[in-house]
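Predicted, not measured: the structure shown is a model, and the values here were computed from it.
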Amino acid sequence: MRIISVILVFLAVACQKEQDTRPFSTDEINLLLDTKPTAISFADEHTGFITTAFSPKYASSLILKTTDGGINWHGVPISIDGSVAINLRSVYAHTRDTVFATFNTRDRCGVCISTDGGSTWNSLLSADQTLPYTDVLYHNDRIFVTLSGGIISSSDLGKTWASVYQPEKPGGNIGVKMFANKTIGYAYGMDMVYCGSDCPPYSVGTLIKTIDGGETWVRLPDMPSGPTDLKFMDEQNGYAFTYGGNLYRTIDGGLNWQLAGEVSSEGSYFVSVRQGPDIYYSTGASRIYRSPLDLKTKTIVFQDDGGESYNFKGLAISNQKILFLSRDGRILIINLK
């Protein structure tokens, strides 16, 4: 299957609070999918992968690959050890050739690997699970996988697995992981909190941390609200966009969070990319903004007049290129000059 890209290139000049004279251009690509993308990962500035949910057209999930920085994508159905992948939940590109993903078949879920750039896949871990594996990351020669609020790890490419974090109560949502450096890393998500008949359930931000490269993890105090996006600039300083339109910052490695400001009332889901001194973020509405870390000003860098939003995934492909992916299979690439 060949997916043809639709590219619109234009100079962005719209501003909200100040005129921005820094030139850039944007490429808008439609992947023309009949299913939802689930994750995206780039191995380098040229080679990246997108996973999808089940495609009725191909009776399988798809793996999409680009070798030109996200402009053109080639997609193929995927099978794992001969079984059709009903759903690919996450992807992590370690190199151009070595790619990890989490998956569901009709009766099992697990972790798989491709060593030929996404052409063929083999299972590293497969089990009867009612709660699927949600996220995968390769760091310090170890695979980290999240499931049902916990984390498992393998240091021998999936031959053996060990639990490195188990929550006090099963369930919850730990799914997105990152490492600020070789030893310090974070995993975060949301937990639903029920306070009885007097109030409706609400969400708090769940944050766990490792300081030994992923050998052990501890849960930090809950964040003030459920995070939709979290970034750390170094070991101590980080920020989190949360449901409800707020930005929180920490200066002590996630132990405490302070409200930095209200971002927007346009939507409840936020995704961001930090590039240099600025944050590029989607508000869950039809705009993408750029702000300094203090959020004292914001500039509109892209607006979709059709009302669609790029509020699903965001990442920096290089120091000159930022990518946002929407849930309906469209990509916006911001080319910085």
Side-chain angles (χ1 to χ4, degrees), residues 1 3 29-43 47-66 70 73-80 83-94 98-106 108-114 117-119 121 123-126 129-138 143-149 151 173-178 187-190 227-230 269-273 282 284 308-315 317 323-332:
M1 177 186 67
I3 297 176
I29 298 101
N30 190 343
L31 296 175
L32 303 176
L33 297 173
D34 69 333
T35 183
K36 301 293 185 182
T38 55
I40 184 171
S41 178
F42 270 72
T47 306
F49 300 84
I50 291 175
T51 50
T52 79
F54 182 77
S55 164
K57 180 178 180 181
Y58 295 95
S60 173
S61 294
L62 303 176
I63 185 80
L64 313 179
K65 181 179 180 179
T66 181
W73 295 81
H74 179 72
V76 294
I78 180 175
S79 64
I80 301 164
S83 298
V84 172
I86 300 301
N87 187 35
L88 293 171
R89 299 184 62 89
S90 64
V91 63
Y92 181 80
H94 178 54
T98 304
V99 188
F100 300 89
T102 57
F103 69 91
N104 295 98
T105 63
R106 295 191 183 277
R108 301 179 73 79
C109 68
V111 184
C112 57
I113 184 174
S114 173
S119 297
W121 294 81
S123 175
L124 296 178
L125 174 66
S126 182
Q129 293 280 148
T130 56
L131 293 172
Y133 304 112
T134 54
D135 201 11
V136 61
L137 174 71
Y138 190 81
I143 309 169
F144 296 94
V145 179
T146 55
L147 71 162
S148 186
I151 299 180
N173 177 15
I174 294 291
V176 183
K177 301 174 296 300
M178 72 186 71
Y188 68 97
M190 288 196 307
T228 67
D229 199 47
L230 182 145
Y269 190 94
F270 297 81
V271 62
S272 72
V273 178
S282 166
E308 300 295 336
S309 61
Y310 292 93
N311 66 344
F312 177 48
K313 300 287 184 180
L315 70 161
I317 302 176
L323 183 148
F324 286 88
L325 172 65
S326 75
R327 290 187 181 274
D328 64 356
R330 291 177 304 119
I331 291 173
L332 178 72

**OP:** Kindly determine whether T98 and Y138 satisfy side-chain contact (heavy atoms from CB on, under 4.5 Å), including the steps that lead there.
**Re:** CA-CA 10 Å; T98 304; Y138 190 81; over 6 Å; no
**OP:** Start with the C-alpha gap between F49 and S41, add the side-chain angles, then the distance that decides, and say whether side-chain contact (heavy atoms from CB on, under 4.5 Å) holds.
**Re:** CA-CA 5 Å; F49 300 84; S41 178; 5.6 Å; no
Subject >> Residues L31, T52; criterion side-chain contact (heavy atoms from CB on, under 4.5 Å); working and verdict >> reply: CA-CA 11 Å; L31 296 175; T52 79; over 6 Å; no
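Note that the OG1 atom of T66 and the CG atom of L323 stand 9.0 Å from one another [nearest 0.5 Å]. A distance of 9.5 Å separates OG in S282 from CG in L332, rounded to the nearest 0.5 Å. Note: K65 NZ to I50 CD1 = 13.5 Å, rounded to the nearest 0.5 Å. With values rounded to the nearest 0.5 angstrom, I78 atom CD1 is found 7.5 Å from S114 atom OG. Atoms CD1 and CZ, from I40 and F312 in turn, are 9.5 Å apart once rounded to the nearest 0.5 Å. Residue S55 holds its OG atom at 12.0 Å from CG of N87, rounded to the nearest 0.5 Å.
Residues F100 and I113 approach most closely at CE2-CD1, 3.6 Å, considering heavy atoms. For the pair L64 and G75, the tightest heavy-atom approach, listed with the atom from each and the gap, is CD2-CA, 3.3 Å. Between G314 and F324, the closest heavy-atom pair is CA-CD2, 4.2 Å. In this structure, S90 and T102 approach most closely via the heavy-atom pair OG-OG1, 2.7 Å. Residue W121 comes nearest to C112 through the heavy atom pair CE3-SG, 3.5 Å, listed as atom of the first residue, atom of the second, then distance. The two residues V271 and K313 make their nearest non-hydrogen contact at CG2-C, 3.6 Å.
Counting only N and O atoms by type, the side chains of D229 and S272 include a donor and acceptor under 3.5 Å apart.
Using modelled atom types, no side-chain atom of S126 and backbone atom of G110 make a donor-acceptor pair closer than 3.5 Å. Distance alone, capped at 3.5 Å, places no donor-acceptor pair between the T51 side chain and the T38 backbone.
Ring-plane geometry between W73 and F42 is classed as perpendicular, the angle between the planes exceeding 60 degrees on a 0 to 90 degree scale with a lower cut at 30.
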